[in-house]
Every structure is written in structure tokens, then in C-alpha cells.
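I have placed the structure first, in the form of C-alpha cells, so that the comments after it can refer back to it.
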Number of protein chains: 2
Amino acid sequence: MTFEEAKDKFIHTWGTLATQWGINRSMAQLHAVLLISPEAMSTEDVMEQLQISRGNASMNLRDLMDWGLIYKQLKPGERREFFIAEKDIWKVARQVAKERRRREITPVVEVLDELKAIPTDTPESIEFQRVMAGLSNVVSFADNTLNAVIKAEENWLMGQFLKVFR
Amino acid sequence: MTFEEAKDKFIHTWGTLATQWGINRSMAQLHAVLLISPEAMSTEDVMEQLQISRGNASMNLRDLMDWGLIYKQLKPGERREFFIAEKDIWKVARQVAKERRRREITPVVEVLDELKAIPTDTPESIEFQRVMAGLSNVVSFADNTLNAVIKAEENWLMGQFLKVFR
DNA sequence: TTGTAGTTTCAAAATAAATTGAAAGTTTAT
DNA sequence: ATAAACTTTCAATTTATTTTGAAACTACAA
């Protein structure tokens, strides 16, 4: 397999995979392209490489910035904007964990807490309670696990930071 | 909030949440309904409760069985099939972890292993290698974490099993 | 100002995914 | 065998999501 083929395969695979999670193809492919590019790229560059429209590129680049996965880079003397991906993959994982936690875990916790509070009189409501309690536990576990990832890396970064001043 | 309201809220919330993961609304709502039902339910029952078509119910009940989240139950003297959900929420979590691992992690590992093998000559291909190696690490971590969930519960089950013969 | 290079927005079009419903298929009882 | 009760399948429809492209907007330069 040549480098070009490998590159295409990666971009393509990443796009397909992302669809299974809630992420759209363009966004995943934009991320893939920027991840493996040693240079910052302009909107025009990525549009051409992925054969997508200007609007699509613009919107998804913004979403990627909202997720904290890519950054704008201004080149001196250049009018247009360039984009560069966060290259520390653990930081990428941390960002994704953070976002997913915020979007997916937090709202469930809130609803479950609310639903755990209903009275248990009938057999149906007792069963309901049991399920809510069980789900609460599982969700807490997921939440703690994600937090561990997020915090572990933060602590590691903090460690590196402190070394400098030792 | 009355019990009926809580029930509706749970079913509705679960359906919405599921969409963010790759699961469709009907499947999630069917699961929710069966989870909180103390009794096994017929296809007709769930169709009526969720106001969905026979075909939709049939297909999604099958998918839920494929995921190992619900079971068929035959009632003596009854011709039609009844469905009951796996009520051990940790077992549910374990099943979901297993399925997602199989569908989402395994294929990525394969592609990454293949892509890690390309030659590193140009600056571009060196960068590419770095990214692939980094992703490999992260994916391995996710894989190990999921496995820990899966195995922890299996060991626990195995422990319970062995107790009987002690 | 006015023009130019660039970015963002958003209604409309294209694409993808979920759902329906009726026909075909199964199983059991008579 | 035939019918009745029930389940599955799948082409057609509906719904939801993604993508396009051109107009509106912004920032800068002459």
C-alpha cells in the first residue's frame, strides 16, 4: 500500500466510522485530513481535497472548533484563515470525552434523579424504581470512567507544568 | 409527577437519547417499555403503547434480541409470543459494551494496524505514522476499558456460579 | 467610499434512515 | 388439507439529516 492509498483509506474509514457515532461524515473527514496534515490548511484546501462545498466546510470547521479539536491559525501576510488540528491524540480523546459527557451523560443523570423520586405504591411503580436505580448506577459508572480519563490527563498535564518550576 | 407521567417521560427521554448514539427511536423506546414492565408483553401490546406499526415493532424487537437485551417468552396455552427485557442492568451494560466493541472498536483496530505498516520517508508520511500510532494507543485504551467492564461482570458471574458447587 | 478577498448563513435540494402496511410466510388447531 | 392466528419481509412512503450554492456579511486595501 502506498502512502497516498493509506491516506485515502484513513480518511474514508474515519468518515464511515464516525457515522456510527453521532458525527457526520464531512466533519470526521475534515478532522482526519487536518490530523494527518503536517501543515495548516485553508478552507479552499480542504474543500478541494474532500470535494465538498464551501458551506459544508465552513459549518463543520466551526463545529470542530466548538469541540476543541482544531484551531484557527493566522499566517502573517495572509488574509485567509488556516486550520490546524490538535495533534496530541490524548488531548483529542479528552476533549471528546468531555463533550460527550456534557451532551449525553449530564442530561440523563438529571432525568433519572427526577424519576427516582416518584412514589412506590403499585407493583409497576416498584419495578420502575428498581430500573431507575439500576440505570443510575450504570450511568454513574460511565460518568466516573469518563471523568477518570479527563482528570488523569489533566493531572498529567499539571505534573508536566509543575516540573518546569521545580 | 404521577407514575404515568414518569413512565412517559422515561420512555420519551430514552428514545431521544438513543438517537445521539446510533440507535433508532423505536428500538430505544421498545427497550424502555419492556424494561419497566413487570410483565412480559406481546407485539400487539407494545405496538399499542408506542403507536408504531407491526413491521416496525417486529424488526426492532428482533434487533433487541440480537443485542441480547430482550428475550422471547412463551406462555403456556398462548399462541403468540411475549417479550421480556433483561432486568439486570449491569448485564445490559455488559451486552451493550460487547456489541459496541465488536461493531466499533474491532474494525478500527484492524485498519490502524494495516495503516501503521506503511513506510516513513516523506515528512507527510512521518506525521501520518505519528497519528496512527497515537490513535492506536487511544483505541487500545478504549478497548481495554470496555473489556474490563465485560470481564469484571463475567468473573463476578463465574464467582456466583462456583459458589453453588463449593 | 468602493472594490476585493474572504467567511458565514440559510433556504432549497439531495441523500440517508426510519416507518408503514399489506402480502407472503409460519405454525398450530381442527 | 384448510383455516385461523400470528410473525416476518420488503417496496413504497415518510421523516430526518446532510449538503449545496448563492446571497449576505465582514474586514481590509486602495
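Below, read A as the first sequence line, B as the second, and so on, with proteins coming before strands; counting in each chain starts at 1.
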Of all the choices, [options], which nucleotide is nearest to the side chain of [X] once you look at every atom?
| X | options | value |
| --- | --- | --- |
| A/S53 | D/dT18, C/dT19, D/dG21 | D/dG21 |
| B/K72 | C/dG21, D/dT8, C/dT7 | D/dT8 |
| B/R62 | D/dT7, D/dT9, D/dT19 | D/dT9 |
| A/N24 | D/dT7, D/dT18, D/dT20 | D/dT18 |

Starting from [atom2] on [N], measure out to [atom1] on [X] and report it in whole angstrom.
| X | N | atom1 | atom2 | result |
| --- | --- | --- | --- | --- |
| A/E44 | C/dT8 | CD | P | 13 Å |
| A/I23 | D/dT19 | CD1 | P | 13 Å |
| A/D63 | D/dT17 | CG | P | 14 Å |
| A/Q51 | C/dT15 | CD | P | 15 Å |
| A/N60 | C/dC10 | CG | P | 16 Å |
| B/L61 | C/dT19 | CG | C1' | 14 Å |
| B/F83 | D/dT8 | CZ | P | 6 Å |
| B/I52 | D/dT15 | CD1 | C1' | 16 Å |

*Looking for any heavy atom pair under 4.0 Å, which part of the strands does A/N56 touch: base, sugar-phosphate only, or nothing?*
base
*At under 4.0 Å between heavy atoms, what does B/E81 touch on the DNA or RNA strands: base, sugar-phosphate, or nothing?*
sugar-phosphate
Please check the phosphate of [N] (OP1 and OP2 only) for any side-chain N or O of [X] closer than 4.0 Å.
| X | N | value |
| --- | --- | --- |
| A/T43 | C/dG6 | no |
| A/R79 | D/dC28 | no |
| A/S58 | C/dT8 | yes |

_Within 45° cone and under 6.0 Å: B/R100 NZ/CZ vs B/W67 ring_ =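 Not flagged: B/R100 not positioned over aromatic ring of B/W67.
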*Please tell me which of A/M59 and A/E78 maps to the more 5' nucleotide of DNA chain C, matching each residue to the nucleotide holding its nearest heavy atom.*
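Result of the comparison: A/E78.
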*Would you kindly compare B/R54 and A/F82 by the position of their nearest DNA chain C nucleotide and give the one closer to the 5′ end?*
A/F82
_If hydrophobic clusters are built from ILVMFWY residues whose side chains come within less than 4.5 Å, do A/V33 and B/I126 share one?_
no
*asked:* Pick the closest DNA chain D nucleotide for A/G22 and for A/G55 by heavy atoms, then say which residue is nearer the 5' end.
replied: A/G22
_Using only atom types and a distance under 3.5 Å, with no angle test, would you say the side chain of B/S125 pairs donor to acceptor with the backbone of B/D121?_
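Present.
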*With distance as the sole test, does B/D66 use its side chain to make a donor-acceptor pair with the main-chain N or O of B/D63 at under 3.5 Å?*
no
*Would you mind telling me which of B/I84, B/L61, B/N60, B/L30 makes a side chain to side chain contact (heavy atoms under 4.5 Å, CB included) with B/I70?*
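The single option meeting the side chain to side chain contact (heavy atoms under 4.5 Å, CB included) with B/I70 is B/L61.
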